[in-house]
Amino acid sequence: MTGILYSLIAAAIVLIYKATQVASLAHGQILAFGALFFWIFFVGMNLPVWMSLLITFAIAALIGLILERVAMRPLIGQPAFAAFLMTFAIYVVLDGVFQLVLEGGQVKAYSQFLPSAIFSFSDITIPLSSVISFSIAVLLFSLLAAFFRFTKIGLGMRATAEDHQLAQATGISVKRVFSLVWALSAIMCAIAGIAIANLTGIHYVLPSIGLKGLIVALFGGLDSLPGALLAGILLGILENLSAGYLDPLVGGGCKEVAAYAMVLFIFFVRPYGLFGQVRIERI
Amino acid sequence: MWRPCGISDMTYAQDMAIIRAKRHWIALIASLVLVYSLPFFDIYYFIGLINHLSIAIIVVLGLEIVSGYCGQISFGQAAFMAVGAYCSTIFTSKLGLPFLISLPLSGLAAGLFGLLGGAASLKIKGFYLAIATIAIHFLTMWLILNLKVTGGPRGLHALPPRIGNLTFDSDESMYFIIVSVMLLMAYIARNLVRSKIGRAFIAIRDNDLAAQVMGVEIYQYKLMAFFISCFYAGVAGCLWAHWLQVVHPEQFDIMHALWYVGMLIIGGMGSVPGAFFGVIFVRGLDELVLFSSPLIAEAFPWIGTQPAAALSLIAFGLVLMIFLLYEPRGVAHRWEILKASWRLYPFMY
């Protein structure tokens, strides 16, 4: 079930790529911050669930907007690689702030706010919170896909991804699209962060889960939302399978490297991802 | 091409020379004498610092070659350095090879391992290659953690190097080896980039399709770039292992790889002196934060007791952001501007 959470992070990254042609390394940190803020409001100040969720989303959107305004907007005309390096710099800064706040790797546990019944049919036991996360994720995915396909703003975003200057020529404000897309993806990362921290607690390895989200996005294709969904589920299954079958053979630790082995494999076989559009390069 | 007054080039060798005037020779010899006499002053802390810097300079020189000159971004230098360190430890402890042989051998081993990254660079470019090298890093570290011969999570114990009858087991004595190797590697890098291979690398960086059309065999040159840069990383790893006398998987974390790429960008992506500038600048920043973190912890008591690691990360990221926004060509470019304005003084251009 963690596969679907990877898909959420991957969806945020795909969202940014669809609108701005920049694949962002920084979202792992945004998800950590989302989890952290939710903890501050829910456990630290004891606000009710829905209020802390709303405030966390607002703060996540604010973080996304600030990042976009300060770091990404000055790089609009530059090659996409410079923007990627900028997201890498943002990753480093946010990592530092996160470590500062976390004071050396303490694990702050959540109290469960989702009901904790357990389904079990035949051999498989599934906790209810996982089912709820799964259904929320699927709902978000379908909303996003519909947003991109059917609304005018979604069409504007896809146009901006193709060519900034042509989109500006048709009257779409590229700056506003960027701000909107960063805010939206930050909110999605916050949701994913809250869901993951629900399972594992706030821990300093949370940003590396963000890196796995990027890998899932690459595996499914950087500009395809259904690809991100499928790839996330595949990665979840693959991790658990490799932990189950390969660990006794090799001696442990297969769960972490399964993602990286998978991404290397897909790079050699189909570099643009399972469902990604192949970019044809011309001189 | 700028020359001082009165000097003109009569041959191709003179035109391509690194050192063109007598004053350059004097400066070179004076600085070499200064560098080699540093351990005889009583500045122990700085000798250790210069050791660390020199090893990082070798790594970033390799990174310059593959990323700055050839355009293939590689986040895997820490992993290749780990391969070199472990290989050198195994060669000297388990196989009993002398240090002077195990140094180039571990470089070769790391270079051959780096051909995996080279193979990736044949298929994918740019940011995809960056993620592929991150994946190679994690896979390499997992391999090192799980193989029996590399000692698993406890690491290995390396012997101090012995050349003839001398054993180099202190900072000052290792200083001579490390700085000599660094100067040699810098010399090799400088000569590499002004040769045919270097020109091929630059062509591949600028537009590899056009280079291929022109006749540059990009497959071979990309593989060669990765081999050379991983050779550098392997040599640096070997020196690291013998300097610290212990190798441990945690010394080669992904954050080190990110630091090396950051040093590359801050120093200047396409120039050999950029490696020196980047390493010295970033490490200087690190030391600054280290000195000032107790003061900051006193001034802002909510930060916690040991903010040094986190603050150095924040400072590094902020400096990287500022450089990406305002000076993407790095400190080396500013140095060139400084030199030009010094030459042209009092004129503006």
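This one's a predicted model, so the numbers in the text were calculated from it and none came from an experiment.
At a 4.5 Å heavy-atom cutoff, the contact between B/Ile265 and chain A is made by side-chain atoms alone. Looking at A/Leu85, both its backbone and its side chain come within 4.5 Å of chain B, counting heavy atoms on both sides. Neither the backbone nor the side chain of B/Leu145 comes within less than 4.5 Å of any heavy atom of chain A. Within the 4.5 angstrom heavy-atom criterion, no atom of B/Ala315 approaches chain A. When heavy atoms are compared at a cutoff of 4.5 Å, B/Leu139 approaches chain A by way of both its backbone and its side chain. If you measure heavy-atom distances from A/Val263 to chain B, the contacts under 4.5 Å come from the side chain alone. Looking at B/Met255, only its side chain comes within 4.5 Å of chain A, counting heavy atoms on both sides. Only the side chain of A/Phe84 comes within less than 4.5 Å of a heavy atom of chain B; its backbone N, CA, C and O stay farther away. When heavy atoms are compared at a cutoff of 4.5 Å, A/Leu94 does not approach chain B at all. If you measure heavy-atom distances from B/Phe75 to chain A, the contacts under 4.5 Å come from the side chain alone.
Surrounding CZ of B/Arg283 are more than 12 heavy atoms belonging to other residues, nucleotides or ligands, all under 6.0 Å away. Environment of CZ in A/Phe265: sparse, with no more than 12 heavy atoms of neighbouring residues, nucleotides or ligands closer than 6.0 Å.
Taking all atoms of both residues into account, the shortest heavy-atom contact from B/Leu116 to A/Phe268 is O-CZ, 4.5 Å. Of all heavy-atom pairs spanning B/Tyr128 and A/Phe267, the tightest one is O-CE1, 3.4 Å. Nearest heavy-atom pair across A/Gly96 and B/Ala310 is O-CB, 3.3 Å.
Looking only at heavy-atom pairs under 4.5 Å with chain B, the residue among A/Ala82, A/Ala259, A/Ala71, A/Ala261 that has the most is A/Ala261. Each of B/Leu122, B/Val319, B/Ile73, B/Ile254 has some count of heavy-atom pairs under 4.5 Å with chain A, and the biggest count is that of B/Ile73.
In this structure, CD1 in B/Ile134 is found 5.5 Å from CG in A/Leu211, a value given to the nearest 0.5 Å. Taken from CG in A/Leu264 to OG1 in B/Thr133, the straight-line distance is 9.5 Å, to the nearest 0.5 Å. To the nearest 0.5 Å, the span separating CD1 on A/Ile90 from CG on B/Leu324 amounts to 10.0 Å.
Within the 4.5 Å cutoff, side-chain heavy atoms of B/Leu325 are placed close to those of A/Met86. For the pair B/Phe127 and A/Leu218, the minimum side-chain heavy-atom distance is below 4.5 Å.
B/Leu313 pairs with exactly one of A/Val93, A/Val97, A/Asp95 by the side-chain contact (heavy atoms from CB on, under 4.5 Å) rule, that one being A/Asp95.
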